[in-house]
**Q** 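Below: one structure in structure tokens.
Computed from a predicted model, the values in this text were never measured in an experiment.
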Amino acid sequence: RTPLNAIIGSTNLLYQDHYLDSQKQMLEILKHSSEHMLELVNDILDYSKLEADKMELANEPYNLQELLHKVVTNFRGPVAAKNLELRTNFDAVNGLVVMGDEMRLHQVLNNLLSNAIKFTSEGYVQLEVKSLMKRSTNITLCFSIEDTGIGIAPEKQHHIFDKFYQTDAETTRKYGGSGLGLAISQYIVQKMGGELKVDSKPGNGSVFSFTLTMTVEATRYSYIEEPVTKFE
């Protein structure tokens, strides 16, 4: 990853400097290809940990609302470039500090949002976090990423979390990817005590969701035992 980061950094500096018009396309290819290669390397390194079951999760306090804002901010540019609407709803975690692995949760949400944007040409993508149960020591949350993209055929949905699985060759040629992102995300979510699920229809978009119970480190509210609220 270190040499790739150096290549990406140097390319970005060249891209911001003065260059000939004839060089622009080559710089764009270099920038895109090196960033794509870094994504593949990261996926393969995580996949090796997954195979050996040696991925260790941190257990440190972090502000969940701030994490969600970071995730969303990273995608405002790509969403605007495709003329999509980016919807968010995570008021349920205002002021909430939880214990866990911030980087790995960021990785899962980043992958799911990236996929949603990649496979959506019009409409919207949405990140929503709902509170299912609040207690003084923990909170159960449902994370969901919805899009209005191409959707997934029913017979292929139970395969999409398999390693290296891609729905078909045409999709791979058009959208790229390693086929590891969802497998890694599922592994991380399971390590956190949840299960990544999908609800999708071809041509009508997809909803990826998972539920986690997280230890509450601090919040502006004092939670007491509340009944479970069911969401369809």
**Q** CE of Met99 to OG1 of Thr137: how many Å apart, nearest 0.5 Å?
**A** 12.5 Å
**Q** Between Asn89 and Val129, is any pair of side-chain heavy atoms under 4.5 Å apart?
**A** no
**Q** Could you tell me if the side chain of Val71 sits less than 4.5 Å from the side chain of His106, heavy atoms only?
**A** yes
**Q** Tell me if the NZ atom of Lys197 is crowded by more than 12 foreign heavy atoms within 6.0 Å.
**A** no
**Q** For the atom pair OG (Ser206) and CG (Asp199), what is the distance rounded to the nearest 0.5 Å?
**A** 8.5 Å
**Q** My understanding is that only residues two or more places apart in sequence, or in another chain, count here; which of them pass side-chain contact (heavy atoms from CB on, under 4.5 Å) with Asn115?
**A** Asn111, Lys118, Phe119, Leu182
**Q** Quick one: side chain to side chain donor-acceptor pair (under 3.5 Å) partners of Glu66, sequence neighbours excluded?
**A** none
**Q** What heavy-atom pair brings Ile7 and Ser34 nearest, and what distance separates the two atoms?
**A** CG2-CB, 4.0 Å
**Q** Which distance, rounded to the nearest 0.5 Å, do you find between the CG of Leu84 and the OG of Ser121?
**A** 7.5 Å
**Q** Any side-chain heavy-atom pair from Lys82 and Ile117 closer than 4.5 angstrom?
**A** yes
**Q** State the CE-CD1 distance between Met214 and Ile139, to the nearest 0.5 angstrom.
**A** 9.5 Å
**Q** Could I get the full list of side-chain contact (heavy atoms from CB on, under 4.5 Å) partners for Ser114, not counting sequence neighbours?
**A** Phe75
**Q** Give, for atom CE of Met192 and atom CG of Leu57, the distance between the pair rounded to the nearest 0.5 Å.
**A** 5.5 Å
**Q** If the condition is side chain to side chain donor-acceptor pair (under 3.5 Å), which residues does Gln157 pass it with, not counting sequence neighbours?
**A** none
**Q** Distance check, rounded to the nearest 0.5 Å: Leu30 atom CG versus Leu14 atom CG?
**A** 8.0 Å
**Q** Side chain to side chain donor-acceptor pair (under 3.5 Å) with Ser10: which residues, sequence neighbours excluded?
**A** none
**Q** With a 4.5 Å cut-off on side-chain heavy-atom distances among I, L, V, M, F, W and Y, is there a chain of contacts connecting Leu86 to Phe90?
**A** yes
**Q** For residues 83-102, which residue pairs qualify under salt bridge (Lys or Arg N to Asp or Glu O under 4.0 Å), counting only residues two or more places apart or in two chains?
**A** Lys70-Glu102, Glu85-Arg87
**Q** Under a plain distance cut-off of 3.5 Å, with no hydrogens placed, do Glu146 and Tyr124 share a side-chain donor-acceptor pair?
**A** yes
**Q** Using side-chain heavy atoms (C-beta onward) and a distance below 4.5 Å, is Tyr62 in contact with Leu105?
**A** yes
**Q** Side chains of Thr148 and Thr120: do they bring a donor and an acceptor to under 3.5 Å?
**A** no
